[in-house]
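The structure under discussion appears below in the form of structure tokens.
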Amino acid sequence: MTATGFHEGETATQRRAGVEAEARRLEGMLDASGLSPGAARFLASQRFAALTGRDHDGLLWISPLAAPPGFLRGRSDVLHVSALPREGDPLHDLPSGQQVGLIAVDFATRRRLRVNGEFLGAERGGMTVRVEQSYGNCPKYIHRHAIDVAGLAAPASRRRTTLLTPADEALIAASDTFFLGTSHPTRGSDASHRGGPPGFVRVDSPNSLWWPDFPGNNMFNSYGNLAVDDEAALLFLDFDTGDALHVTGRARVRWTAPGAPGDDGGVGRNVAFSVGLVAR
């Protein structure tokens with residue numbers, strides 16, 4: 001049965017941030033199971049989504065999906081995705097029967113929709129997800145990018161390392177957008193979008209990086225997951241070439257005084273990430 005409302009990590013994070021009342025007004029969004037007609041129409045017009053799931057070793061990753069409009073076809077509680085993570089991607093052959101998270105982003109109109117549910121399986125170049133939850137997110141920090149479907153669907157490199165290379169660090173430093181995958185023991189995986197000025201994600205060393213948080217909708221879905229399970233995955237994209245940097249590891253929210261050095265959003269928190277494995 002689909003769980004509803006905020007879970008314990010979300011409410012604890014909202015309480016710490018002092019926004020419980022504001023978040024409570026949005027809690028009903030989480031209770032909407034399946035896809036509304038409006039959500040289905042939005043998905044049908046999209047060219048890009050990011051998918052969070054686990055590989056055969058149980059590692060959490062987040063991967064791009066790109067195809068012409070119509071590749072996301074949803075009705076009621078079923079979403080058909082006419083695309084798969086490309087060859088060489090960490091989730092290219094993701095196991096079925098797991099909870100996944102998907103976020104579809106329209107960079108032109110700065111709209112996004114999150115979908116959470118069960119990955120039922122892949123066939124004939126696509127996959128099916130049983131939708132358990134779907135809801136929109138605010139347009140803040142979405143930067144306009146053109147989606148090169150061919151580039152994002154082309155086979156990817158199979159390089160695996162435990163440290164970021166200088167080229168990886170350069171891609172991160174140039175990025176104004178990345179995607180964050182998190183998970184909860186009973187609610188499953190989730191995919192979210194993060195945006196800021198280019199370089200808002202800082203690399204401290206080849207095995208650690210961090211980013212400031214910015215004001216949002218106060219639901220704290222991702223950071224609430226991290227309060228319970230610190231496993232996380234990052235996806236950085238070169239939108240011009242289709243090059244993708246995947247990183248899986250551990251993340252924790254660090255609370256500071258508002259306005260402290262590095263608190264770009266003025267909210268008194270940032271996220272530290274420890275690199276476990278890099279794929280590019």
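These values consider heavy atoms only, across backbone and side chains, with no hydrogens, waters or symmetry-generated copies.
At least one donor-acceptor pair closer than 3.5 Å links the side chain of Glu10 to the backbone N or O of His7. With hydrogens and angles disregarded, a donor-acceptor distance shorter than 3.5 Å links the side chain of Asp263 to the backbone of Val267. Judged by distance alone, the side chain of Arg110 and the main-chain N or O of Ile142 form a donor-acceptor pair under 3.5 Å. A distance-only check finds no donor-acceptor pair linking the side chain of Arg86 to the backbone of Ala156 [under 3.5 Å]. With Arg280 contributing its side chain and Ala167 its backbone, the two residues share a donor-acceptor pair below 3.5 Å. In this structure, Glu27 contributes its side chain and Ala23 its backbone to no donor-acceptor pair below 3.5 Å. Judged by distance alone, the side chain of Ser274 and the main-chain N or O of Gly249 form no donor-acceptor pair under 3.5 Å. Of the possible donor and acceptor atoms, one in the side chain of Arg47 sits under 3.5 Å from a partner among the backbone N and O of Ile147. The main-chain N or O of Leu59 is found under 3.5 Å from a side-chain atom of Asp55 such that the two form a donor-acceptor pair. The backbone N or O of Leu164 sits nowhere less than 3.5 Å from a side-chain atom of Asp168 that would complete a donor-acceptor pair.
Put simply, the side chain of Leu65 reaches to within 4.5 Å of the side chain of Pro85, judged on heavy atoms. The closest side-chain heavy-atom distance from Leu102 to Thr52 is not below 4.5 Å. Looking only at side-chain heavy atoms (C-beta outward), Leu209 and Asp204 stay at 4.5 Å or farther from each other.
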Fill in: Stepwise side-chain contact (heavy atoms from CB on, under 4.5 Å) check, Val203 with Phe273
CA-CA 9 Å; Val203 178; Phe273 184 90; over 6 Å; no

Practice prompt. Check the pair Leu171, Asp238 against side-chain contact (heavy atoms from CB on, under 4.5 Å), reporting the backbone distance first and the verdict last.
Written response: CA-CA 7 Å; Leu171 176 57; Asp238 183 327; 4.1 Å; yes

Worksheet item: Do Glu231 and Arg54 pass the salt bridge (Lys or Arg N to Asp or Glu O under 4.0 Å) test, and can you show the C-alpha distance, the side-chain angles, and the key distance before you say yes or no?
Response: CA-CA 11 Å; Glu231 189 173 9; Arg54 296 184 181 275; 3.0 Å; yes

Worksheet item: Can you list the steps and then say if Asp243 with Thr241 is a side chain to side chain donor-acceptor pair (under 3.5 Å)?
Response: CA-CA 5 Å; Asp243 187 20; Thr241 66; 5.0 Å; no

Item to complete: Give the intermediate values and the outcome of side chain to side chain donor-acceptor pair (under 3.5 Å) for residues Tyr135 and Asn116.
Response: CA-CA 9 Å; Tyr135 55 97; Asn116 298 321; 4.5 Å; no

Discussion item. Run the side-chain contact (heavy atoms from CB on, under 4.5 Å) test on Val278 and Leu245 for me, step by step, so that the C-alpha distance in whole Å, both residues' side-chain angles and the decisive distance to 0.1 Å come before the verdict.
Written reply: CA-CA 7 Å; Val278 179; Leu245 170 63; 3.5 Å; yes

Practice prompt. List the steps, then state whether side-chain contact (heavy atoms from CB on, under 4.5 Å) holds for His80 with Phe71.
Written response: CA-CA 8 Å; His80 297 286; Phe71 86 104; over 6 Å; no

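Contact record, Ala191 with Ile62: CB-CD1, 3.9 Å, taken as the closest heavy-atom pair. Residues Ser134 and Val115 come closest through the heavy atom pair CB-CG2, 4.2 Å. Of all heavy-atom pairs spanning Pro64 and Leu152, the tightest one is CB-CD2, 4.5 Å. Taking every heavy atom of both residues into account, Asp176 and Pro198 meet most closely at CB-N, 3.9 Å. Pro258 and Gly266 make their closest contact through CB-O, 3.9 Å (heavy atoms, listed as atom of the first residue, atom of the second, distance).
Glu132 and Gln99 share a side-chain donor-acceptor pair at under 3.5 Å. At a cut-off of 3.5 Å, with distance as the only test, no side-chain donor of His246 or Thr248 sits close to an acceptor on the other residue.
Between Asp213 and Arg269, at least one side-chain nitrogen of the basic residue sits less than 4.0 Å from a carboxylate oxygen of the acidic one, meeting the salt-bridge criterion. The residues Arg158 and Asp89 are annotated as not salt-bridged, no charged nitrogen and carboxylate oxygen being separated by less than 4.0 angstrom. Between Arg144 and Asp106 there is no salt bridge, since none of the side-chain N atoms of the basic residue sits less than 4.0 Å from a carboxylate O of the acidic one. By the 4.0 Å N-to-carboxylate-O rule, Asp230 lies too far from Arg252 to be salt-bridged with it. Salt bridge status for Arg187 with Glu8: absent, with no side-chain N to carboxylate O gap under 4.0 Å.
A continuous path of Ile, Leu, Val, Met, Phe, Trp and Tyr side chains, each step under 4.5 Å between heavy atoms, connects Trp211 with Val275, placing both in one hydrophobic cluster. Cluster annotation: Ile103 is not connected to Leu226 through the hydrophobic network of ILVMFWY side chains, with a link wherever side-chain heavy atoms come within less than 4.5 Å. Linking Ile, Leu, Val, Met, Phe, Trp and Tyr whenever their side-chain heavy atoms come within less than 4.5 Å leaves Leu91 and Val247 in two separate clusters.
The number of heavy atoms from other shown groups lying within 6.0 Å of CZ (Arg130) does not exceed 12. Counting non-hydrogen atoms of other residues, nucleotides and ligands closer than 6.0 Å to CZ of Arg250 gives a total above 12.
Under the side-chain hydrogen bond (donor to acceptor under 3.5 Å, both in side chains) test applied with His193, the options Arg112, Arg114, Lys140 reduce to a single match, Arg112.
Within the cation-pi definition used here (under 6.0 Å to the ring centroid, within 45° of the axis), Arg254 does not qualify as a partner of Tyr223.
Aromatic ring centres of Phe236 and Phe179: separated by at least 6.0 Å.
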